[in-house]
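The sequence lines fix the lettering, A, B, ..., with proteins before strands; numbering per chain opens at 1.
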Amino acid sequence: MKEVVRMWQHTRMIILVALSAAIYAAFLIAFKGGIVIVPGITEIRPANVFPPIFGLLFGPAGAWGSAIGNLIGDIFGGTFGPGSIFGFFGNFALGYVPYKMWGSTFGLVPKDDPAPTTNSLRKLIAFEIVTLTAAAACGVIIGWYLDLAGLVPFAFLATFITINNFVASFILGPILLTLLYPRIHKWGLLWTDIMSPEEVGKGIQPNLGAILMIVGAFGGLIVGVLVAVGAAGQTLMGFTGESGQSAVWIAVLPFIVLMVVAGFMLSGREQFVEEADEGDF
Amino acid sequence: MDTELYLDYNTVIHRLDPRTKLILFAYAFIGLVLYEHPLWMVPIALLILLQTALARAWINLWRLRYLLFLLTVWGIVLWNLFASGDDPIFWFVSEQSLLFSIARTILVLMMIVSGVNLISTTRNEELVLGLIKLGLPYRVGFALSTSLRLVPTTAASLQTIAQAQRSRGLDLEGGNILERLRKWLPLLIPVFISTIRSTNIFGMALESKGFGARPDRTFYLQTEMHRLDWILLIVGGVITVVAVYLNLLGYGDIPGLQRF
Amino acid sequence: MTDLAITIQDLRYRYRGEKTPALKGITLAVERGEFLVLMGASEAGKSTLVASLNGLIPHYHRGKMKGEVVVLGRNTQEYSVAQMAEVVGLVFQDFEAQLFSTNVELEVAFGPENFAVPREEIARRIDESLSYVGLEAFRHRSPSTLSGGQKQKLAIASVLAMHPQVLAMDEPTTDLDPISKLGIFEITNELRKRNDITLIVVEHETEEVLNADRIALFHEGELIKVGPTREMLEDVALLESMGVMPLGIPRFFKTMGFEKPPLTVEEGVNAFQERGWRISDAKYEAMVAAEKADLAKLKKPLIQCRDLKHTYPNGVEALRGIDMTIMQGDMVAIVGQNGSGKTTLAKHFNALLMPTEGEVLVHGEPTEKQGVFKIGQTVGYVFQNPDHQIFSETVFDEVAFSLRLRKLPEAEIKERVAEALTAVGLAGMEEDDPFSMTKSGRQRVAVASVLAARPEVLILDEPTTGLDYAEQRGLMDMVRRLNQEGSTIIFVTHHMWVVAEYARKVYVIKDGKMFLEGTTREVFAQEDKLKEAFLRPPHFVQFSNRLGKTLLTPEELIQCLDDA
């Protein structure tokens with residue numbers, strides 16, 4: 001988590017935050033008034049492929065950029081409201097989870113070639129795992145909060161956001177990453193080019209962290225939906241209370257805490273590789 | 001592309017310190033989420049609309065009319081699915097759930113109006129400066145204001161790119177969802193590449209202007225808290241505290257409402 | 001001993017991941033108060049040199065540096081970029097990427113703010129800098145609402161506000177129209193007169209550098225020659241061989257055997273008259289007649305505008321009644337100031353925009369009836385910035401994009417792509433990565449991807465912007481070849497020399513109306529009217545106008561000289 005703060009020392013990381021945010025926001029605004037599913041809260045948007053891509057390429061700058069981009073999309077799109085607060089956190093997670101988990105995907109990403117791209121089947125699977133987890137994390141965070149604020153019911157929103165995020169990443173992500181990675185690498189704009197490993201949180205048992213993140217994201221989603229749709233969830237959680245809504249808040253909260261803990265356990269340092277000396281000239 | 005919601009007037013609301021407006025926005029949020037019953041929301045809603053009137057921001061609400069209309073219809077129908085009561089009206093709608101739906105709809109609408117009030121009367125740089133003075137680190141504030149500046153530019157290049165690909169025969173309509181999503185690639189990639197291409201120049205220009213040269217830094221733009229700012233903050237604070245207190249006493253609920 | 005502002009000792013630099021160094025041992029000294037211009041083709045190392053003046057190299061870029069750069073006693077190896085920024089100001093070509101604020105005043109305040117200059121002093125510097133560049137009236141505007149020229153002026157003002165002692169500008173005028181260019185050069189001239197500022201400017205346009213003290217010529221990372229401006233500009237052959245556009249006037253006189261050719265219009269006219277040379281009326285008439293006869297062969301109208309008006313949704317009237325006819329097989333230029341409506345007009349030709357009043361006919365049928373997808377096959381449009389359309393992994397995929405959308409059989413696609421790539425000079429590069437090509441390479445890919453659809457008409461929006469002289473020539477020669485093979489060419493441009501050498505007809509747009517039209521010669525003969533449209537012909541054409549005839553190239557003048 002350290003890099004999330006330390007990155008602000010690097011001019012280029014700051015610029016990447018601003019540029020990612022501007023790209024994301026520009027697409028979000030272009031889609032406002034497009035296919036509106038829950039008006040004012042969320043829409044079907046291909047641009048949702050961006051946060052995981054930003055995250056994998058630009059690391060913490062991508063996470064911040066996605067969060068700020070979503071906020072600006074709300075401001076310019078006229079949907080600035082209470083949803084914007086956790087829209088910020090949700091989109092932050094959508095950019096944060098992929099780069100943190102990338103190197104801890106149970107050996108799918110080789111240690112000597114951690115480049116965030118989809119040039120092998122193993123990496124492709126890793127990509128789908130991290131983006132699906134990120135999608136669910138984002139959905140649970142936003143859904144939980146908006147349910148808490150009494151704006152939109154959890155079951156509906158969390159599922160919808162998760163699916164929407166994931167569909168965009170699943171279909172567009174690998175192609176985008178394959179095309180974009182070589183350019184960003186060439187321009188020296190990967191976050192691992194700009195930051196140094198010491199600035200990145202060491203993490204504790206990152207592989208366990210990855211598992212906890214997955215449990216947190218999907219557990220939160222599944223339990224939340226079960227609780228919200230009916231008695232099954234309430235008995236499951238031992239609730240007999242009259243208010244189903246507060247059951248959702250309480251049932252999902254531990255999973256959110258779990259995700260935050262996992263966020264600290266994961267690292268990202270695995271992605272730094274020694275640069276070969278290019279020789280004298 | 002017309003993305004500016006800021007209205008260049010000189011109303012009493014415009015003249016307030018951005019910090020005041022940000023805090024009032026937060027008050028409005030707290031005040032609105034408390035109650036289940038729509039009648040209890042009316043006073044706060046009226047205060048928000050008063051702010052809109054004083055700021056002469058109706059024009060922006062008018063611009064968002066379709067969105068607001070959709071939200072109204074959607075909200076009033078949807079929330080009945082997630083609440084029920086003892087006095088059914090028809091099908092899944094009961095008296096209690098309808099009242100609740102109206103309250104939730106007012107909540108969403110008023111939050112947006114409150115957001116519009118803030119954005120219509122506060123310039124980007126004032127907003128960012130207000131946030132910085134409320135404790136946001138300067139570098140984060142800088143990233144925020146830079147992205148605000150870049151959005152219109154990026155939106156314009158998105159438009160040009162869409163035109164360029166259209167003239168090459170790209171038709172975004174039609175096809176199943178998979179095909180439709182994939183058709184966005186010719187737009188997503190050029191926007192990304194052409195924007196990120198300038199990152200290095202951007203960073204060079206920034207450092208060349210002494211960005212981060214020293215820990216202390218002057219702010220040319222100034223914001224000042226006047227008497228009216230303090231009055232509004234105190235009055236708003238009192239209203240919010242009273243609202244919370246009444247809610248804790250159990251006022252504003254809908255008797256017999258069941259929420260799922 | 002003279003007072004040196006900059007000393008560069010055997011500077012070598014290689015960017016990370018590159019095989020060849022960008023700079024290969026540069027040694028150069030610049031005096032305090034001097035105005036030095038850096039010239040050279042793309043990739044010559046000019047921008048790298050500029051970036052090394054304030055320590056961006058070696059601190060910002062990752063790469064290897066050798067040798068040393070000392071600016072006003074500060075060695076860039078030992079001082080940080082922020083410390084160097086106190087004495088060296090940098091202005092970049094890309095004006096979008098160097099403005100950070102949402103308001104003009106705050107943009108100027110940004111630099112001084114970073115150095116914790118007191119607020120009252122900042123206010124004073126804002127006034128001073130904005131009035132220096134003539135932007136006082138815009139102080140509360142958002143930079144995004146300014147024109148390109150104004151943005152670049154703002155960028156200069158924001159750097160001047162930091163009171164730099166060395167000001168380096170990297171191609172500040174490349175993306176600007178002629179009159180905005182002039183605006184920037186007026187500012188440069190003011191600065192030149194001040195002896196407290198040392199000016200370093202990278203520039204492509206030869207006509208604009210006449211006021212410099214010295215010119216340094218670069219080629220592939222080496223400093224070829226540095227000398228007084230006059231001496232450098234006289235050496236036409238050297239400039240040309242280094243990919244820098246020589247001036248037309250000295251080019252003519254060199255061909256005529258001058259050792260020390262005149263440079264300016266004034267000098268040229270004097271020298272011409274001193275020699276007692278004359279332009280033969282008969283030869284001139286014959287040339288004009290031949291040109292007219294050629295144009296008369298074009299009989300079939302292809303694009304017709306009838307009282308074309310276009311008002312944008314935000315109420316801006318971009319076109320206010322245009323009537324024009326473009327013949328099949330013609331090669332025409334559309335020129336005008338920024339914001340005159342020329343791009344809006346061109347976008348009507350392939351139905352990207354529809355008239356709000358009046359009509360546009362392509363092959364006699366209104367564009368509104370045909371729509372962009374159908375017209376796209378007849379009229380191809382190459383956008384100004386190739387990065388706005390390239391998205392594929394390989395050149396082949398990029399060029400095949402519109403063919404695949406039109407579901408042509410794979411064999412035909414292959415054939416057409418090969419044909420288009422041959423036409424733009426990229427044959428055999430099918431598997432290359434378009435993103436890693438140079439700007440001119442990407443421009444060619446963009447043209448090829450439009451050509452592959454075999455359009456009858458090719459519209460090019462600012463095709464030569466951002467390319468160096470040799471690349472501009474290469475691209476335009478290729479376009480002319482397409483025209484000779486039967487394509488109709490329409491290009492929108494700011495580069496007047498390109499118009500002079502390549503256009504057969506010129507349309508001048510001013511405030512959304514057709515201001516002037518005719519053959520290139522007819523239009524360039526009317527210098528005063530052009531000035532009203534904020535345009536001016538190249539020096540050489542001005543020179544020939546002063547001699548009483550409009551001649552577009554030195555070759556034409558030689559052809560029309562009276563033998564007697």
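For chain B, the option among A/Ala22, A/Gly188, A/Ala47, A/Ala21 with the highest count of heavy-atom pairs below 4.5 Å is A/Ala22. Note: A/Ile14 leads A/Val17, A/Ile14, A/Ile68 in heavy-atom pairs under 4.5 Å with chain B. Counting heavy-atom pairs under 4.5 Å between each of B/Thr146, B/Ile119, B/Val113 and chain A puts B/Ile119 at the top. With chain A as the partner, the residue from B/Leu206, B/Asn200, B/Leu144, B/Ile189 showing the most heavy-atom pairs under 4.5 Å is B/Asn200.
Just one of A/Trp191, A/Phe58, A/Phe127, A/Phe92 meets the ring-ring contact (aromatic ring centres under 6.0 Å, His included) condition when paired with A/Tyr99; it is A/Trp191.
Considering all non-hydrogen atoms of both residues, A/Thr178 and A/Arg183 come closest at O-NH1, 4.5 Å. Scanning all heavy atoms of the two residues, the minimum distance from A/Trp144 to A/Leu253 falls at CZ2-CD1, 3.5 Å. Residue B/Leu24 comes nearest to B/Gln51 through the heavy atom pair CD1-NE2, 4.5 Å, listed as atom of the first residue, atom of the second, then distance.
For chain A, the nearby parts of B/Leu148 are the backbone and the side chain; heavy atoms of each come within less than 4.5 Å. Both the backbone and the side chain of B/Thr199 come within less than 4.5 Å of a heavy atom in chain A. For B/Arg149, no part sits under 4.5 Å from any heavy atom of chain A, backbone or side chain. In this structure, chain A has a heavy atom under 4.5 Å from the side chain of B/Leu158, while its backbone stays farther away. Neither the backbone nor the side chain of A/Tyr24 comes within less than 4.5 Å of any heavy atom in chain B. Using a 4.5 Å cut-off between heavy atoms, B/Phe202 contacts chain A through both its backbone and its side chain. If you measure heavy-atom distances from B/Leu68 to chain A, you find no contacts under 4.5 Å at all. Heavy atoms closer than 4.5 Å to chain B are found in both the backbone and the side chain of A/Val167. Of the two parts of B/Val140, the backbone and the side chain both hold a non-hydrogen atom closer than 4.5 Å to a non-hydrogen atom of chain A.
Classified by interplanar angle (parallel below 30°, tilted 30° to 60°, perpendicular above 60°), the ring pair A/Phe27/A/Phe50 is tilted.
At a threshold of 4.5 Å between non-hydrogen side-chain atoms, the residues B/Pro18 and B/Leu129 do not count as touching.
Shown here is B/His37, whose NE2 atom has more than 12 heavy atoms of other residues, nucleotides or ligands within 6.0 Å.
If you look at B/Phe142 and B/Phe211, their ring centroids are closer than 6.0 Å.
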